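The structure appears right after this line, and notes come after that.
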Protein chains: 2
Amino acid sequence: MEKKKSFTIYDLARKLNYSPSTISRALKNHHSISEKTIKIVKKAAEEEGYRPNILAASLRNNQSKTIGVLVTRINRPFISSLISGIENAASKEGYNILISQSNDIYKNEVASAKALFDSRVCGIIASLGMETESINHFKQFSKMNIPVVFVDRVPADFKSYTVVIDNYTAAFNATTHLIEQGCKRIAHFAGAQHLNVYQDRKKGYTDALIENGIAVDESLIITMKTLSSEEGETATTRLMQAATPPDGIFCSNDTTAVSAILTLKKMGIKIPEEVAVIGFNDDPISSIVEPALSTVSHPAIEMGELCTQRILQHVLKKDDTPKIAERSVLDTHLIIRASSTRKNA
Amino acid sequence: MEKKKSFTIYDLARKLNYSPSTISRALKNHHSISEKTIKIVKKAAEEEGYRPNILAASLRNNQSKTIGVLVTRINRPFISSLISGIENAASKEGYNILISQSNDIYKNEVASAKALFDSRVCGIIASLGMETESINHFKQFSKMNIPVVFVDRVPADFKSYTVVIDNYTAAFNATTHLIEQGCKRIAHFAGAQHLNVYQDRKKGYTDALIENGIAVDESLIITMKTLSSEEGETATTRLMQAATPPDGIFCSNDTTAVSAILTLKKMGIKIPEEVAVIGFNDDPISSIVEPALSTVSHPAIEMGELCTQRILQHVLKKDDTPKIAERSVLDTHLIIRASSTRKNA
DNA sequence: GAAAATTAAACAATCGATTGCGTTAAATTG
DNA sequence: CAATTTAACGCAATCGATTGTTTAATTTTC
């Protein structure tokens, strides 16, 4: 069955014997329309159930009130909270959210970027996929002066807005904490090194070791492709079966950290006495696992809100695309729980 | 700075000395355009980086390829997986997803529904909020023959599509399982009773008791407003301090179930020996908590995909809005873990 | 070779809201 | 009271893609 056609300002105009332009202006309290007319029009609009056609308005104005969001996987704790923050801040200002996920596949990411562009979003917020090395698919936005905000996983050199946490310092502090707890041989579960977040976390880790006079042992650094629990289990097993196993592990995410804890327990290794573990993200599971996982807070909702603010700021002020990457760095803090708290420390 | 205006079919037409209509048809391989022309047009479009303006097309066709999604909170495991399923199925068919969350506030839900309507979505997928009792804000869609799919938390009597699981049977089976494990006094953490899911779960629980010759003890049924972990803790404490505490708890969600487990452990009560616990949803935390939580699978991704299919089916076939609620009921299954497995059972 | 049929492309209206400019009538001014 | 403002509203173009209807050119048919 055909979709019924909707009630428009033309219908309203005909009904009230006004011109469509008067209706349009009346509905938005234009000063050149009399109070009386405005009242009449609004009343009739209400009665007839008039609803504006945003598509038409966007087309005419050449600007939608829709923000595109491009992420890897919606159903991950950090991402879903990020989106939640984006949505809250956006809907408060009357903006909509168009969402697309790449499932960490580069081809999808490119296609999604194109789709969002075609939908004429007024700005785009993106967190890069694991496979992403080139970011040409974001240039179309910049060319049209549509603001791009990269969040969390950001490219190295793209003239845009970025919203990140200080991964380096967070990792440095996490590692230092392990050292303070008496760990001498600290392993690291690193993520894909072409992504800034994992690169920075690794650097923070190595620098903390060096600062404390501990030599970096490459055999203790396990670089993973996806930081999945399977990879975490494999890595933990391998590490612990080595001649000189570690007494601490700093994991680049909570998934692998929890996996490490479960694996260690299965092996009968005491946490944190024999091996202390610290993760990253503060996912819900981190406070449930036993012993509870020490980790680094990741202010997802706040980051999301900030992303939206960046977009709105650009759109409302009609700023030009930043000439350089304009970074916002949010604070994180260590969350110390049982998995890294040694009784005698 | 102003947004640059984009390259349109008019620009292309001028450049190639064709009319805009020819360009439009050529781009979609219309039969009345010669192969040669099609090739020329497509080549030029590619070179010039032409991108269609979906807003214009949608306006003209009076139908967007955008599906609206209205949920309570994006950052909840079930919801985010649901959205993930919706998105995957939609993007595969070239449809976009517009998301809005109500934060379980009725006023927001109404506003979001309105916003999605104004955006001219081609269909809407919704899961009702805790406060929602009236669903008039969805009637505008039906009136325009825009398909509405309610998922999980669905209204009792709305002529639309619904995608649900068989909460009654799942609850019945979960409760029966506890009985089989030797539980005699089974408590129930119930959710808001105006929502079908919680109502059905409660009914499944009571019917299982009755079927097994166990009297329903109202004092063992705790009805919660939001099924939060705080409520779970309070309820658990209260129950266990009563004269005749329960020896089993069937919780309407995993959040309260995990909360119950943690509280019981804190009280020094053995799980499952003294109290067996079973939850609902199979959230990630359920397999991490110790003892691991028995629960009911909730096929979130699959449900999301099905929701999208319902929308597309309607839109593509131009079906009329269903005269009655057209239900899709998905299977769930018990996931038996340690929290309900008694050694001697 | 003229009429009919087919092919290829142009014309022009349309979707609904917006807005610069023009018009009319009422109000103000000197 | 004529001249000028001001107030209130209408006209018509515009945004970009789509599509029913024509038109023009080419091919086929007898």
Side-chain angles (χ1 to χ4, degrees), chain A residues 2-42 44-45 48-66 94 117-122 144, chain B residues 2-42 44-45 48-66 94 117-122 144:
Chain A
E2 276 305 296
K3 197 144 72 180
K4 279 161 204 142
K5 68 191 216 311
S6 47
F7 192 84
T8 73
I9 56 169
Y10 290 89
D11 300 315
L12 213 47
R14 200 172 316 115
K15 187 180 162 67
L16 299 178
N17 253 319
Y18 279 120
S19 77
S21 48
T22 298
I23 304 292
S24 173
R25 289 184 170 115
L27 288 172
K28 32 185 55 184
N29 302 313
H30 193 281
H31 65 272
S32 83
I33 306 295
S34 71
E35 285 299 325
K36 199 190 77 187
T37 304
I38 289 183
K39 209 164 283 176
I40 292 174
V41 170
K42 286 194 171 175
E48 300 290 337
Y50 166 77
R51 299 267 76 216
N53 187 320
I54 291 193
L55 296 177
S58 297
L59 174 61
R60 170 60 222 248
N61 296 332
N62 189 30
Q63 57 132 12
S64 70
K65 296 186 83 172
T66 301
F117 182 85
D118 292 351
S119 293
R120 295 317 200 248
V121 294
C122 68
M144 297 289 291
Chain B
E2 277 304 297
K3 198 144 72 180
K4 280 161 201 141
K5 70 190 214 314
S6 46
F7 192 84
T8 72
I9 56 170
Y10 290 88
D11 300 316
L12 214 48
R14 200 173 315 115
K15 188 180 162 68
L16 299 178
N17 251 319
Y18 279 120
S19 78
S21 49
T22 298
I23 304 292
S24 173
R25 290 187 167 112
L27 288 172
K28 30 186 56 184
N29 302 313
H30 192 282
H31 66 273
S32 84
I33 306 295
S34 70
E35 284 299 325
K36 199 190 76 188
T37 305
I38 289 182
K39 209 164 281 174
I40 292 174
V41 170
K42 286 194 170 175
E48 299 290 339
Y50 166 77
R51 299 267 76 215
N53 187 321
I54 290 192
L55 296 177
S58 297
L59 175 61
R60 169 61 221 245
N61 296 331
N62 189 31
Q63 58 131 13
S64 69
K65 296 185 84 173
T66 301
F117 182 85
D118 293 351
S119 292
R120 293 324 201 244
V121 294
C122 69
M144 298 288 291

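These figures come from a predicted structure and were not determined experimentally. Labels below follow one simple rule: chain letters A, B, ... track the order of the sequence lines, proteins then strands, and each chain is numbered from 1.
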Could you list the donor-acceptor pairs under 3.5 angstrom formed between side-chain atoms of residues 21-28 of chain A and any protein atom two or more places apart in sequence or on another chain?
from	atom 1	to	atom 2	distance (Å)
A:S21	OG	A:S19	OG	2.8
A:T22	OG1	A:S19	OG	3.2

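Residue B:Y18 is in sugar-phosphate contact alone, with no base atom involved, counting any heavy-atom pair closer than 4.0 Å across all strands shown. Within 4.0 Å (heavy atoms only), B:S58 reaches no atom of the nucleic acid at all. Within the nucleic acid shown, B:D11 has no heavy atom closer than 4.0 Å to any nucleic acid atom. Among the protein residues, B:S32 comes within range of the nucleic acid bases, having at least one heavy atom under 4.0 Å from a base atom. Using a 4.0 Å heavy-atom criterion, one finds that B:F7 contacts no nucleic acid atom at all.
Within the model, atoms CG of A:L59 and OG of B:S58 stand 10.0 Å from one another, a figure rounded to the nearest 0.5 Å. Interatomic distance, OG1 of B:T8 versus CG of B:N53, reported as 9.0 Å (0.5 Å rounding). Atoms CD1 and CG, on B:I54 and B:N61 in that order, are 11.0 Å from each other to the nearest 0.5 Å. For the atom pair A:K42 NZ and A:T37 OG1, the distance stands at 12.5 Å (nearest 0.5 Å).
Shown here are the side-chain hydrogen bond (donor to acceptor under 3.5 Å, both in side chains) partners of B:N17, two or more places apart in sequence or in another chain: there are none. Partners of B:D118 under the side-chain hydrogen bond (donor to acceptor under 3.5 Å, both in side chains) rule, at least two apart in sequence or in another chain, are A:R51. By the side-chain hydrogen bond (donor to acceptor under 3.5 Å, both in side chains) test, A:Y50 is found to be paired with no residue, residues two or more places apart in sequence or in another chain being considered. Partners of B:R60 according to the salt bridge (Lys or Arg N to Asp or Glu O under 4.0 Å) rule, which considers only residues two or more places apart in sequence or in another chain, do not exist here. Residues passing the ring pair (Phe, Tyr, Trp, His ring centres under 6.0 Å) test with A:F117 are A:F141, sequence neighbours excluded. Taking the salt bridge (Lys or Arg N to Asp or Glu O under 4.0 Å) definition, one finds that B:K15 meets it with B:E48, sequence neighbours left out. The side-chain hydrogen bond (donor to acceptor under 3.5 Å, both in side chains) check on B:K39 picks up nothing, with sequence neighbours excluded.
The bend of the helix from C:dG1-D:dC30 to C:dG30-D:dC1, defined by the angle between the axes of its first five and last five pairs, stands at 50° to the nearest 10°.
Panel note: side chain A:S64, backbone A:R120; a donor-acceptor pair is recorded below 3.5 Å.
Rounded to whole angstrom, the span from the CD atom of A:E35 across to the P atom of D:dA7 amounts to 13 Å. Regarding A:N17, its CG atom lies at a distance of 12 Å from the C1' atom of D:dG10, rounded to whole Å.
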Base-contact (B) and sugar-phosphate-only (S) positions in nucleotides 19-24 of chain D, heavy-atom cut-off under 4.0 Å, - elsewhere: BB----
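Toward the 5' end of DNA chain D, the nearer of the two residues A:Y10 and A:S19, judged by each one's closest nucleotide, is A:S19.
Heavy-atom contacts of chain B under 4.0 Å fall on DNA chain C between two terminal nucleotides, which in 5' to 3' order are C:dA8 to C:dG16.
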So which protein nitrogen or oxygen atoms get under 3.5 Å of nucleotides 26-28 of chain D's nitrogens or oxygens?
none

